[in-house]
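Notes to accompany the following structure.
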Amino acid sequence: MHVFLPDGKRLDLPEGATALDAAKMIGPRLAQDALAATVGGELTDLMTPLPGGAAITLITKKNPGDAAPLFRHSLGHVLSQAVGEYYVARGFAHEAVKRGVGPAIENGFYQDFDLPQPLSEEEFPAIEALMRDILSRNLDITRAEVGKDRALAQFSYDPYKVELIAALPDAEPITFYSQGDYVDLCRGPHFPRTGALPSAFKLMSTSSAYWRGDASNPTLQRVYGVAFAGQKELDEYLERLEEAKRRDHRRLGKELELFTIDPLVGKGLPLWLPNGTVLREELTRFLREQQFQRYYQGVITPNIGNLELYKTSGHYQNYSDSNFSPITVDDEQYMLKPMNCPHHVRIYASKPRSYRDLPVRLAEFGTVYRYEQSGELNGLTRVRGFTQDDAHIFCRPDQLKTEFLAVLDLTVLVLGTFGMTDVRFRVGVRDASKDKYVGSDANWDAAEAQIIEAVGEVGLPFTVEPGDAAFYGPKLDFVIKDVIGREWQLGTIQVDYNLPERFDISYVGEDGADHRPVMIHRAPFGSLERFVGILIEHYGGDFPLWLAPRQVVLIPIADRHNAYAEELQAELHRAGLRAEVDDSSSRMNAKVRQAELSKIPVMLIVGDKEQEERAVSVRERTPEGHKERKGVQFAELKTELLERYQTRS
RNA sequence: GUUCUUGUAGCUCAGUGGUAGAGCACUCCCUUGGUAAGGGAGAGGUCGUCAGUUCAAUCCUGACCAAGAACUCCA
């Protein structure tokens, strides 16, 4: 057989040859330096037989980062071996340590264990030392193909491995990878020897994970590690984690007094503090203005509704797990509102509609309640009571595309206003489990096709994800990545043929007959809670002037300047700006420091010079540090600030 | 919801089987200053809740509550 090298040369090899054999043919030095290979663009190791005719490249110790998934996977095995040795050294039998899966992941690896006693994070240094010892032993990592019987015999003590092996197809060879006396069932690929593995790794945390991800299975202890080709990359990664911690909206929410969650009020039920309320109201005002320009009409609906309403909509049946239990009053049952749509449908149905009336766009900042699992709750980003920037557009089928594109346009504008450029568009369609969805296939097919067509037309990059649809229709979600790479769903647009049918709503067409409208559900922010949470992290608490809960602080240099500062403060306040005076007895340096820590964007320092000229000395926070302007006329500054506030620039 | 970890002053955190401490914040006094911390004094805690072990529990044990991480889930 033969393979092709990167320069296009053909290399003839004996049948069953590996990438290492190929490297040896090319030169002994390359064979020594080689760590991994790619075959037809896919990463593989040096021990796996090559398929004939493939294009191969060799990855050497010059650029080990190209083989990161391999060394991360191998380090997972080293961790697994180290944990085994650790428990044996403490008197446990070798068979007492059982293992689940242990793959490479983004930035590192993990390994699941079933241990005779839990491993604590205090023991990580000892485990890491053992791992480094295994690296220094420079053990060869070897690959072997075995039969199923042999595989089962090898791991007879480990029910997890037995289950995995039993599930493997008979036809394919089962592979073992070994290093020293450690053997693991593994598909590979791996580095050729432990000595070649980078030592830039760190065990990060331990947690539990269900065996095979199923909540009805036993839990295993999962140990996470991160690993990089060099120490520098590892340090940078750890620094990014620190940065994420600094930007964490729960921490900033406390420091900047934006919101609090009080167990006495209830978990997942955030209380908006005055500063956070300013943020929220600015966002609301912004979107209301946009919606007014786009001919939306505001409506208001109650926070609970009759159970029959949700039975008609299907929310009661389809989401029984995540609804709050119904309340019984006077022989009737009510439920906390999990969605605004049914209410808006009833508003549509409150009078006859003509085709001339459509589209009808009903908007509400509607508060809904969903019983999220307690383990899911997270600051503002996952809560049990939240307010959606919801609207429902009822339109004729021929208006659907225009309306959908208009909503898309609004959403893109919203995201752009906050500089959220790294957004992913996700089209959620049905998957095979059809009983999860209501409505006819024809309606679904039409709606799915229309979303994909519209998104494609705007030229947005998107992915189609089966199973991500709502029960009543397909949807387009906007997903943003945060500083540490976690993805959060922001807004959503959904096309719905089903609720109109379930509620039997209609409009009178040109022909005088009744027709069924189509509904678009949309929420550009998603929810104000989650959006504010993400916004806090997005800006790291450094909000632009229009959003900053505290916009301006006046800093008198000495007490005799307090009256002047208060006069200016009152004038700014009358103009609608959020201004305050720091009249504490601290020195001016300390006041500046305090304002910096509070992330107040504009500081106005006033002393004798300023007072004389009715001026201020301006210190502004900028991403690059701060900017100072001295002797600015107060009247001019006020106009400038107002202009910036009103234009949201 | 499950597993693990954590819970001490408003905040960040030390600490001990004999009922507690620091820094910041707060109050008062002195200081009146020019772009990131002036000095002093004071006040503030059922050591998450409830049981148990003990002569004695904030500390040990258990349950519960809450938070964090991960898993599962997410209209």
Side-chain angles (χ1 to χ4, degrees), chain A residues 100 110 112 118-122 204-224 245 248 250-251 254-255 257 260-264 266-268 310 313-315 318-319 321-323 337-342 368 370-379 381-384 386 388 390 428 436 468-473 475 477 488-489 492 494 496 499 521 523 526-527 530 555-562 584-598 603-610 617-621 625-630:
Chain A
Y110 71 77
D112 286 347
L119 188 70
S120 86
E121 290 179 22
E122 276 123 59
M204 297 300 285
S205 63
T206 141
S207 71
S208 76
Y210 297 111
W211 167 238
R212 312 197 86 167
D214 184 336
S216 60
N217 279 339
T219 52
L220 302 175
Q221 187 174 13
R222 178 169 294 180
V223 179
Y224 282 91
K245 242 187 234 171
D248 189 311
R250 292 166 300 188
R251 174 199 173 108
K254 190 178 267 181
E255 282 176 11
E257 297 184 20
T260 185
I261 295 175
D262 180 351
L264 191 58
K267 49 183 168 185
Y310 305 111
S313 70
H315 289 104
N318 287 287
Y319 290 98
D321 283 351
S322 47
N323 291 327
K337 167 167 87 173
M339 280 295 254
N340 302 302
C341 350
V368 297
R370 299 178 189 177
Y371 189 79
E372 301 286 352
Q373 296 182 45
S374 63
E376 296 317 320
L377 300 174
N378 179 291
T381 49
R382 199 76 186 271
V383 291
R384 283 183 172 166
F386 57 96
Q388 296 179 310
D390 215 355
K436 213 171 104 187
D468 252 357
F471 76 87
Y472 49 75
K475 57 182 189 172
D477 291 330
W488 289 101
Q489 185 193 317
T492 181
Q494 304 168 12
D496 182 2
L499 280 189
H521 308 241
S527 84
R530 177 174 291 179
I555 300 179
I557 287 176
D559 284 354
R560 64 177 178 281
H561 310 119
N562 283 3
S584 67
S585 68
S586 313
R587 296 178 57 175
M588 167 232 184
N589 293 23
K591 294 181 188 181
V592 169
R593 176 182 146 82
Q594 202 48 55
E596 287 286 343
L597 292 175
S598 305
M603 293 164 224
L604 303 181
I605 291 144
V606 292
D608 292 331
K609 283 179 254 169
E610 289 78 8
S617 178
V618 186
R619 174 178 169 133
E620 283 176 86
R621 286 168 57 72
H626 70 268
K627 207 170 73 187
E628 285 176 32
R629 282 183 288 162
K630 290 182 178 159

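If you're wondering where the values come from, they're calculated on a predicted model, not measured in any experiment. Note on naming: letters A, B, ... go to the chains in the order of the sequence lines (proteins, then strands), and numbering restarts at 1 for each one.
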note: Lys609(A), atom NZ; G34(B), atom P; distance rounded to Å ~ 9 Å
Separation of Ile261(A) atom CD1 from C65(B) atom C1', in whole Å? 16 Å
Nearest to the side chain of Met588(A) - A36(B), A66(B), G34(B)? G34(B)
To the nearest Å, how far apart are Gln489(A) CD and C73(B) C1'? 14 Å
Taking atom C1' of G68(B) as reference, at what distance in whole Å does atom NZ of Lys245(A) sit? 11 Å
Parallel, tilted or perpendicular for His315(A) and Tyr472(A), by the 30°/60° rule? perpendicular
Determine the contact category for Lys475(A): base if any of its heavy atoms lies under 4.0 Å from a base atom, sugar-phosphate if only primed atoms, P, OP1 or OP2 are that close, otherwise nothing. sugar-phosphate
Go through the N and O atoms of the side chain of Glu376(A) and the base of U72(B), and report whether any donor-acceptor pair is under 3.5 Å. yes
Candidates G34(B), C73(B), A67(B) - which lies nearest the side chain of Arg382(A): C73(B)
In whole angstrom, what separates Trp488(A)'s CH2 from C74(B)'s P? 15 Å
Between C11(B), G34(B), C71(B), which one does the side chain of Lys254(A) approach most closely? C11(B)
Side chain of Asn378(A) - closest among C11(B), A69(B), G34(B): A69(B)
Could you state the atom-to-atom distance from CD of Gln373(A) to P of A70(B) in whole Å? 15 Å
Quick one: Leu377(A) CG to A70(B) P, roughly how many Å, whole number? 14 Å
With 3.5 Å as the limit, what N/O pairs link the protein to nucleotides 4-10 of chain B?
none

Grab the N/O contacts between the protein and nucleotides 38-41 of chain B below 3.5 Å, and write none if there aren't any.
{"residue": "G38(B)", "atom": "O4'", "partner": "Arg587(A)", "partner atom": "NH1", "Å": "3.4"}

The side chain of Arg250(A) is closest to which nucleotide in this list: A69(B), A36(B), U32(B)? A69(B)
Can you list every stem that RNA chain B is part of, counting only runs of 3 or more consecutive Watson-Crick or G-U wobble pairs with both distances under 3.5 Å? B:1-7 with B:65-71, B:10-13 with B:21-24, B:26-30 with B:38-42, B:48-52 with B:60-64
Hey, which of these two, Thr492(A) or Gly266(A), hits RNA chain B nearer its 5' end, going by closest nucleotide? Gly266(A)
Report the nucleotide, chosen from G1(B), G34(B), U32(B), that has the shortest atom-to-atom distance to any side-chain atom of Asp608(A). G34(B)
Where the side chain of Arg560(A) is defined as all heavy atoms beyond and including C-beta, which of A36(B), U32(B), G1(B) is the nearest nucleotide? U32(B)
Which nucleotide in the set G34(B), G1(B), A36(B) lies at the smallest distance from any side-chain heavy atom of Glu610(A)? G34(B)
Rounded to the nearest angstrom, tell me the gap between atom CG in Leu264(A) and atom C1' in U49(B). 13 Å
